[in-house]
Amino acid sequence: MTLVPEAYVVPLTLFSPLVFGVLAWLFDRDWVRETLGVIGAAVPLTVLSLAYEKASSGTISYTIDTGVFKLHFVLNSLSWYFAFIGALVGIAMAFGLSSTSRRGYDWLFSLMSFTGVMGVFLARDFVSLFLFWELMTFGSFMMVLRRNRHESLKYFVLSVIGAYSMLLAIGMVYAKTGTLDYAMASQTLLLLTKMGGVSKAYVDTIFALFLLAFGVKAGVVPLHVWAPGAYGENDQSYTSFFSGVLSKAGVYGFIITLFVMPSLYGIYFAMGTFHGHLTGTYLIAWAGAVTVVVASFLAVLQEDIRKLLAYSSVGQVGYIILALGVFNGVAVGGAMFHVLSHAMFKGLFWLISAALILRTGKTRFEDFGGLAEKMPVTFAMALIAVLSLAGIPPMAGFASKWLIYEGAIQAHMPLVAGTIFLGSALAFAYVVRFLYAVWFGQRPSDLDDVREAPLPLLVGMTVLAIPNIVFGIAPGLAVRLINRFFNTNITVNSYYSISTPTGTYNALSVTLVLIVGLAIAGLVYIYGANARKIKVTNTYQSGNPVTEEYNLVIRRNFYRPLAEALDFWLKYSWDRFYERLANLSEDFADWLREGFYNGNVQSYSWYLAIILLILAIWGVL
Amino acid sequence: MGMARVVGEDKVKLRKSFVKPWMGIKYLFKKPVTIKIPYEKMEPAPKYRGFHTLDWKKCVGCNFCGQICPARAIEMTWIEVDGKLEKRPHPKVDYGRCTFCQFCVDVCPTGALGFSESYILTTGGLDEELELYNWVPINPKKVRELNERFGDYRFPVERIEKKPDGTYIYHLRDGSKVEFKIVGYGLRPPKKPQPKPAAKPAEKKEAKAEKPAEKPAGKKEEPKAEEKKE
Amino acid sequence: MFDWRLILDAIGILIYALIVGFIFMGIERKAMARIQRRIGPPIYQPIIDTLKLLGKKESVSHGFVYNFGPVFALGVSITALLFIPIANFQLFSSNADLIVVAYLLEVPMLGIMLGAMSSGNPYSALGVQRGLLTMVAMQLPYGLAIIALVQHWGTFKLSQLVALQQLQGWSITVPALALAFIVFDIVFQALLGLEPFDIITAPAEISMGPMVEYGGKHAALLFTQHAVQLFAETAFFAVLFFGGASNLLDLFLKQLLVLFIAIFVASIYPRFTIDQAAKFFWKWPTIIGIIAVLLTV
Amino acid sequence: MDERKDFGENDGVIHYELQEFKLFEPLFKWARKKSLWIVAFCTGCGGIEMPPLATARYDFERFGIMPNPAPRMADLFLITGYVTPKTLKRIIITYEMMQDPKYLLAHGSCPINGGVYWDSYNVVKQLDKYIPIDVAIAGCMPRPEAVMDGIMEIMRKIETGEADGWKRYRENYEYYRRNQDKLFGEGWREKEAKRWLAWI
Amino acid sequence: MDMNENKTNEKVEETRLPDTKEGKLVKALIGKAPYAEGSVRRERRVEFHVPAERIHDFLELASETFEMLMQISVVDWLKEGEFEVVYQLWSVSEGVHAFVRTRIPREDAKLPTVMDIWPVAETYEREAHEFFGIIFKGNPRLGPFLLEPREYEKHPLRKDFNMLSYVKAIYGDDFDRYDESKTNYVI
Amino acid sequence: MTNPEVPKELREEAKGHDMYLHPIAKDTYELFFGPQHMATENFSIILKMDGNRVEKAIVNPGFLHRGFEKLAEQRPYFTNIALLLRICVPESDVPENIYSMAVDEIVGWEVPERAVWIRTTVLEMARLSAWMFWIMGFGNEIGLYTAGQWAAAYRERFMRLFEELTGGRVYHIYTVPGGVRRDIPGDRWLRQLRDTVEYIKSKMKDFDEILFDNYITFERTEGVGVMDRRFALKHAVTGPNLRATGVPYDVRKDDPYYLYPELDFEVPVLKEGDSLARVLVRRYEMEQDLYILEQLLDMGPPSGPYMVQDARLKALPRFKPPKGDAYAHVESTKGDFGAYVVSNGTHKPYRVHVRGPSQSHGVTVLEELLKGARLADVPVILKTLDNCPPDIDR
């Protein structure tokens with residue numbers, strides 16, 4: 001690639017968002033900051049696209065020497081894949097932001113987290129991972145903070161827990177291996193374990209801490225509690241990036257843990273199996289399955305458009321975690337594919353919600369209705385997103401779920417596969433509820449002058465909508481890419497057809513037959529009498545006349561029967577559990593303060609004596 | 001009175017079952033209870049309260065039927081058969097009002113008014129077709145004859161032809177005709193040279209009056225005096 | 001480019017499925033009528049009904065999605081049909097995937113729901129709500145039954161499934177899969193929308209639910225869709241548990257067997273409410289399904 | 001509130017084109033005759049004879065007739081007896097909601113001339129002033145056999161094309177509308193709809 | 001219509017209460033409510049006359065023995081210019097039906113509601129209000145109930161509501177499909 | 001927002017009552033349930049729904065109002081039979097009987113024994129045919145069409161018997177003050193009646209199996225629409241609905257009429273007060289009615305006239321009872337059906353007031369029971385209360 005010299009690829013990708021973000025913040029003026037922001041987001045995409053050949057065939061490395069640490073960055077096919085997805089959603093976000101945000105603040109921090117996420121994807125050592133991880137978290141935290149302190153606090157606390165555990169894990173790795181590079185560290189660790197220099201519990205701890213750190217970001221149940229608030233109380237254009245890409249950073253962390261550091265995997269292999277499955281990954285698979293089911297059920301029961309999408313995000317990321325846990329080629333391939341399709345459709349969803357909120361100023365389902373006539377293009381985009389999320393065959397969402405499902409069955413994890421079945425039905429349920437409440441039925445009178453979404457937003461949506469269809473009809477495109485960095489066991493017959501050892505999915509034939517079917521149905525339809533459009537009040541109301549003043553739309557508690565069937569389970573809430581935990585620890589602190597720090601010097605000296613005694617017994621002193 | 005014999009839970013309650021309902025399937029192979037109309041006929045019970053019959057010879061025009069009718073479906077009608085005015089008015093029955101209670105038959109002092117088991121009268125919804133609902137019942141013998149011949153319990157008249165001079169021709173189902181002329185309504189015989197179009201608006205006007213004033217011409221019987229006081 | 005034989009086959013299958021589907025609907029009504037001790041409509045009555053609906057001179061619509069819903073539903077049903085191995089006509093089914101077909105069989109519901117919702121009628125919306133909740137409720141046992149099947153035969157390919165069954169005996173002869181069969185049969189009742197799971201249409205409660213606003217050609221499309229769907233679902237059932245079929249007659253008999261079980265159940269049980277149905281599905285069928293799955297691991 | 005907003009002329013029943021199916025018309029005629037779906041609305045006492053008709057003893061499903069809760073799909077409207085103004089409003093709304101071609105069968109005496117309620121202040125005397133009747137049957141109430149006969153008659157009329165109540169309703173819409181408005185007052189749909197707003 | 005030339009307000013003969021369960025019941029109740037007059041009509045039928053002002057008190061007392069309010073019947077005595085309101089009570093424990101009668105003037109037809117004693121009275125009172133125009137103070141749902149507003153305003157069961165002329169005014173030409181005027185005599 | 005239709009003085013009075021305040025809420029929606037609906041027979045409930053739960057129900061009756069009470073004041077005594085029986089369509093003998101009983105009491109007629117036997121038999125037959133109808137309705141509401149189809153077909157046997165006895169299928173116009181209009185057609189009819197009773201008795205097993213023992217019937221009705229004894233009494237709930245709450249009140253026992261004092265039958269009582277209890281009580285009453293009919297047949301109709309001998313009956317349209325009033329009630333399948341007749345000595349009743357059980361079941365009780373019910377429970381509650389719209393509307 002001559003257009004962009006190899007040496008500039010990584011720094012451009014990494015820093016152009018941040019730099020342009022800062023510029024946008026400085027020149028906080030209409031048009032200027034939008035232009036700067038979009039350029040900032042466009043640079044990584046352009047650079048990455050141009051670097052495709054190089055990245056897929058080899059690697060592009062880049063090192064920053066800070067004096068204390070050396071920060072290594074590598075663009076290989078894996079990181080390219082993730083970074084490209086990030087950049088794609090990033091540009092859509094930038095288009096979205098230029099419609100929804102009028103503040104330099106937003107541009108600064110959203111592009112800051114853009115840089116952070118790119119850094120996470122490209123990092124090759126723990127220090128840069130941690131630094132950029134924090135940059136990313138900080139940017140997103142600032143975005144939430146501006147809108148809702150309470151939710152940002154929740155996000156902050158959980159992020160801090162994640163960050164500390166990551167730091168701890170890194171420290172533990174460093175303590176034993178003395179290196180921070182992924183490859184070196186894992187090699188050394190493997191060696192040490194084999195020689196008995198490191199105990200199993202030690203590696204277990206490292207593993208658990210990493211999972212905790214990445215699990216927070218990915219929003220694995222029970223660590224998901226920050227997600228609904230943080231995704232919801234935010235600029236929705238940014239959320240498309242937040243939920244579409246930042247959550248993938250968590251997924252990427254899992255991948256690092258499981259694959260990039262093969263030693264951990266190797267060690268884990270030695271750690272034992274459960275019914276033929278690796279115990280660790282089995283647990284991850286179940287964590288994913290639980291995430292899918294719980295988050296999807298919760299999504300079904302939400303009354304707020306943002307909450308619904310947030311829980312849906314958590315659930316869909318659960319699919320990826322589940323697939324990683326299934327831990328065979330097909331499933332991991334499916335997970336990679338789902339990273340792509342989820343970023344696309346969920347980013348699209350969030351942009352749609354951004355458009356809705358921008359144009360109506362409402363977020364709760366009970367305030368919406370009948371917008372399909374007012375915002376037809378957005379509605380078309382919503383249909384694409386819905387079809388993809390619900391996993392209707394010629395859409396990207398189906399292909400990835402299909403792979404995950406086949407993988408789960410092949411790995412003999414039937415119950416996990418069962419949850420996928422359940423999850424997809426739940427996805428049906430909540431997207432239909434979204435469609436119904438927002439687009440159909442009676443329109444509340446205060447929405448009568450709603451206009452179509454602004455052009456930049458529509459451009460952003462289109463950027464995300466096209467891949468949904470393209471990768472749906474040509475799943476081979478994505479799988480071929482994934483095959484570059486994973487031995488997925490998936491054969492790409494052609495762009496349109498992929499095969500696993502047990503099954504084949506020919507998207508083109510499905511699409512073609514579907515088109516034929518639709519054509520036949522359409523012919524029958526066209527033969528009938530011309531349809532005449534009637535008003536929403538001219539419907540069956542048991543023979544009674546109605547006016548617009550009646551509310552004929554189930555705006556609230558749409559899935560109340562489900563809530564009633566689940567009332568036993570819904571009594572328990574992770575949110576409340578954490579709140580109680582927080583209260584408890586507060587009480588404990590109070591008790592501590594009152595009991596111990598009572599201002600009595602004598603008792604302080606006693607404490608000191610006891611501690612010294614304990615240390616002495618332990619043999620430290 | 002002795003106290004009620006009350007039974008409680010032990011006898012009234014049942015036990016639920018998943019299996020027992022399967023017994024219901026046995027009827028799949030049993031003969032249906034359906035009557036296959038129109039291939040199968042179902043006879044109405046003897047003395048089913050169907051359409052009226054009237055022996056014009058016996059009818060004395062006493063208007064008992066008109067008085068007892070809860071639906072005010074009966075109107076005494078002065079009829080001219082073959083240019084000869086009948087001595088007494090005959091009831092004309094309106095099936096747009098009749099409830100088939102047959103109290104009129106019960107009170108008929110001479111047994112002139114009767115009923116047959118026929119009960120089917122199907123017409124279109126246009127005004128001229130609905131004329132069929134309003135008729136002076138015909139002779140029971142004729143009705144019985146028609147019923148025996150066709151056996152489908154339909155209304156004996158197929159079509160009523162109405163001529164502008166007040167002549168009615170009942171086309172019966174067997175092709176025969178009953179022809180007569182209606183010269184007036186009410187209990188009092190109509191005045192001989194009564195021009196029909198003149199009489200009608202007068203009637204209508206009265207009908208529209210605020211109070212349902214009795215038509216003085218039709219007033220004959222004394223007992224109605226008490227209704228007159230408003 | 002064009003494989004004419006394939007196209008002719010496809011058209012033939014479609015017409016056959018349509019007619020047989022309608023006849024099945026007729027049989028359903030007729031057999032229920034006989035259990036109810038009456039004669040019932042002629043067996044070809046659904047065809048007449050559909051023709052009549054198509055011949056309506058007037059048609060009303062609530063917008064694009066309202067029209068698109070039934071078209072989409074029928075289109076997807078046809079698609080699903082063409083991927084099921086029907087006797088020796090293996091069109092696209094040679095490498096059809098069980099999951100794809102199972103999915104395609106559910107997607108028409110989404111089409112109907114989309115159309116029904118767009119009318120803005122609360123009865124339709126209630127029907128949609130119930131339909132989707134039924135789907136959510138039945139999905140777990142449904143998935144488990146299919147998983148048990150796949151675990152046992154070790155393949156996702158429908159054609160392979162048929163071949164294996166014809167070699168080694170039908171699925172229901174395997175004890176674990178017999179359990180799966182029971183589960184699938186219960187789910188099947190909900191798939192067909194028959195009692196006790198006809199909660200979606202429940203005439204006495206929500207006046208046909210999603211169908212309430214449809215009339216004329218839209219309803220004709222939905223009827224056609226139902227016929228195709230009925231054929232496809234019974235065929236799918238026969239393929240999964242009764243070893244598929246080598247000729248159409250064989251398949252027809254197996255489909256009929258499946259259908260009659262459904263009719264029997266439908267005519268003797270009242271309908272559940274939606275939350276009861278959900279609880280029911282998550283109790284016995286799920287437990288049996290898990291047992292079946294664990295037996296096949 | 002503008003009345004036309006909810007119940008505008010354009011949303012009424014007359015301003016739309018009809019589709020003619022020249023090629024398949026005979027087939028459709030046959031199908032229409034053989035598949036009459038009744039809209040489930042018992043408007044009067046005659047409703048009590050509907051269950052026997054629909055159930056095992058008389059079983060009109062033999063003729064492809066079945067009760068249908070939704071008016072959009074239905075073809076046949078049975079006015080089963082007397083009609084009160086309150087019901088007539090619903091009848092008109094339901095009738096207009098049905099799609100052409102549609103047929104209407106009036107049961108018994110009351111829709112013809114008021115029946116036993118000839119002097120009741122709350123019963124409509126002649127139904128055909130408000131909506132067109134295709135077939136009327138006598139009786140109070142008509143036996144199921146008589147209703148069956150009426151249905152046969154309607155089937156015959158569909159075949160011969162005489163059952164044209166829906167056409168009459170379109171052609172004489174002004175006339176029917178005027179009669180309805182005279183009985184209920186102008187803007188009755190709006191008024192009726194608004195009646196319940198205060199209560200719920 | 002003219003139904004009212006016959007007065008029926010003949011005084012119920014003050015006979016001594018018989019020594020049956022009905023007699024005892026009436027005696028006990030009269031003892032508690034001296035303003036009311038009570039009598040036994042026959043087995044299982046007792047009767048009370050209560051002045052309108054005290055009707056609520058009396059019914060509250062009576063509700064201890066007579067658990068159910070079966071109906072509120074109103075009779076319009078046009079000649080006397082009074083409505084007779086009959087509360088039909090039934091005692092489940094004793095098996096006795098009681099008529100509790102009270103009279104109110106037609107012009108100012110107001111009564112207290114008994115919804116607080118028997119909630120079901122809401123319906124009965126709505127009906128009585130609709131047909132006779134009696135206002136039951138405290139009942140919040142008075143208004144058109146069974147009738148359309150147009151008929152409701154007439155209070156059709158009042159004796160001075162002339163149904164036939166009203167029907168003719170409303171339906172006019174539709175009144176009779178056929179030519180003959182069947183209304184020329186009244187039953 | 002106030003109701004514009006309510007007179008001003010009433011509005012003043014009702015001020016502050018929430019019924020008149022109307023915030024148009026988005027969180028609930030309105031569902032018009034009926035009259036053009038399968039579950040309601042020309043009767044409308046306006047439901048304010050929250051999800052699938054009813055938040056508030058407003059009954060809108062009156063679609064069948066024909067002004068019977070006014071019409072009855074315009075017609076002679078006997079003619080009114082042809083009118084009043086339309087108050088309760090599925091069980092039209094009940095209004096005939098209560099009106100006749102009340103007039104009998106006013107006139108002071110002692111109804112001949114044969115007529116009493118016939119009336120009792122007719123009432124019991126009417127009860128059974130109404131039960132069959134109820135089974136059909138209930139079956140249809142919960143989605144068990146099979147039982148309904150059978151029941152409606154078996155009901156036809158009673159229809160046929162009625163037809164032969166009275167000359168009418170549904171509207172019998174048979175029981176009149178002073179007796180009945182026709183004599184029993186002969187022994188053949190009695191034999192047929194016995195056959196029918198035997199037949200229905202044998203079919204009761206089928207109904208038990210498919211409907212009353214059905215697991216899902218229990219699921220659908222248990223705990224649905226619960227009312228307690230106190231509520232029932234305060235709301236004048238009668239009939240099986242009252243007995244399902246534990247009050248053994250049956251007019252046939254507590255205010256005996258006709259032959260009931262001589263007949264032996266049991267009053268089923270359950271105390272749960274839910275829909276299931278109502279269903280089970282009804283089922284048991286069906287058995288009891290069959291038993292009563294058997295006893296009546298064993299007794300045989302006494303010989304004698306079927307109508308009182310009274311010279312006044314010669315001029316039927318002009319028949320004038322003395323002044324007076326009477327209240328008569330019978331036990332119908334729906335509950336306590338009563339009529340209050342006032343005579344002022346003319347040939348037309350001065351006032352007829354009918355007390356239909358659905359008046360209390362179908363308005364206040366229904367509105368109360370529907371609060372918080374699932375939408376799917378609405379038809380079940382409607383049907384287990386056995387609500388009959390014409391007798392609310394009259």
Side-chain angles (χ1 to χ4, degrees), chain D residues 39-59 61 67-71 74 77 80-91 93-94 97 110 115-123 139-145 191 193-200, chain F residues 1-6 19-22 24-25 28 30 32 35-42 44 46-48 56 58 60 62-68 70-71 74 82-83 86 89-90 92 133 136-137 140 145 148-157 159 163 168-171 389-390 393:
Chain D
V39 51
F41 192 0
C42 359
T43 62
C45 352
I48 197 99
E49 289 289 28
M50 293 323 294
L53 270 172
T55 50
R57 191 64 168 163
Y58 293 95
D59 186 27
E61 210 181 344
N68 199 310
F77 201 152
T80 55
Y82 62 91
V83 169
T84 61
K86 207 170 174 176
T87 312
L88 183 56
K89 288 177 182 173
R90 272 77 180 174
I91 289 177
I93 289 164
T94 309
M97 212 172 265
C110 307
V116 73
Y117 317 109
W118 62 284
D119 58 345
S120 167
Y121 54 86
N122 207 33
V123 173
C140 183
M141 56 197 50
R143 289 171 67 90
E145 290 94 330
K191 265 186 220 147
K194 293 225 168 138
R195 244 186 103 175
W196 293 103
L197 274 173
W199 294 89
I200 43 180
Chain F
M1 188 167 173
T2 53
N3 190 340
E5 280 170 13
V6 176
M19 199 70 78
Y20 288 85
L21 304 169
H22 178 242
I24 296 179
T28 55
E30 283 90 51
F32 287 86
Q36 198 261 297
H37 194 282
M38 278 213 158
T40 62
E41 303 127 358
N42 212 344
S44 175
I46 296 154
L47 299 172
K48 194 172 159 184
K56 185 170 164 187
I58 293 152
N60 175 15
F63 294 98
L64 299 171
H65 177 75
R66 290 146 278 176
F68 277 122
K70 187 75 178 176
L71 294 178
Q74 317 283 333
L83 189 75
R86 284 151 221 272
V89 189
S92 62
F133 214 72
M136 191 207 70
N140 286 0
Y145 302 102
Q149 297 272 357
W150 296 347
Y154 302 152
R155 174 178 171 268
E156 288 300 306
R157 293 188 162 238
M159 292 289 105
E163 207 179 304
R169 242 179 79 85
V170 177
Y171 288 154
D393 300 349

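So you know, we letter chains A, B, ... as the sequences are listed, proteins then strands, and number each from 1. Note that the structure is predicted; figures quoted are calculated from it, not measured.
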Sorted by chain and number, sequence neighbours left out, side-chain contact (heavy atoms from CB on, under 4.5 Å) with D/A54 holds for D/F60

Is there a donor-acceptor contact under 3.5 Å from the side chain of F/Q36 to the main chain of D/R90?
no

When the aromatic ring centroids of F/H65 and D/Y121 are compared, is their separation below 6.0 Å?
yes

Heavy-atom check, side chain of F/L71 versus side chain of D/D119, under 4.5 Å
yes

Does the side chain of D/K86 come within less than 4.5 Å of F/N60's, by heavy atoms?
yes

If I measure from the heavy atoms of chain F, does D/T43 come under 4.5 Å with its side chain, its backbone, both, or neither?
both

CD of F/E163 to CZ of D/R143, rounded to nearest 0.5 Å, is 4.0 Å

Looking at every heavy atom in both F/Q149 and D/A56, which two are closest together, and how far apart are they?
OE1-N, 3.1 Å

Engaged part of F/P390 at the chain D interface, taking heavy atoms whose separation is under 4.5 Å
neither

Contact origin within D/P67 toward chain F - heavy atom pairs under 4.5 Å:
both

Checking F/R66 against chain D: side chain, backbone, both or neither under 4.5 Å from a heavy atom?
both

Looking at every non-hydrogen atom in both residues, tell me the closest pair between D/T87 and F/F63 and how far apart they are.
OG1-O, 2.7 Å

Note, F/F133 side chain near D/I48 side chain (heavy atom, < 4.5 Å)
yes

Identify which part of D/N68 has an atom lying under 4.5 Å from any heavy atom of chain F, answering side chain, backbone, both or neither.
backbone

Taking atom CH2 of D/W118 and atom CD of F/Q74, what is their separation to the nearest 0.5 Å?
8.0 Å

Residues two or more places apart in sequence or in another chain: which of them pass salt bridge (Lys or Arg N to Asp or Glu O under 4.0 Å) with F/R169?
D/E49, F/E156

Is any side-chain heavy atom of D/P69 less than 4.5 Å from a side-chain heavy atom of F/H37?
no

Less than 4.5 Å apart, any side-chain heavy atom of F/K70 and any of D/S120?
no

Which heavy-atom pair separates D/C45 from F/Y171 by the least distance, and what is that distance?
CB-OH, 2.7 Å

Do the non-hydrogen side-chain atoms of F/W150 and D/T55 ever get within less than 4.5 Å of each other?
no

Engaged part of D/V123 at the chain F interface, taking heavy atoms whose separation is under 4.5 Å
side chain

For chain D, the option from F/G62, F/G148, F/G137, F/S92 that forms the most heavy-atom pairs under 4.5 Å:
F/G62

Taking the six-membered ring for Trp, are D/Y117 and F/F68 parallel (under 30°), tilted (30 to 60°) or perpendicular (over 60°)?
perpendicular

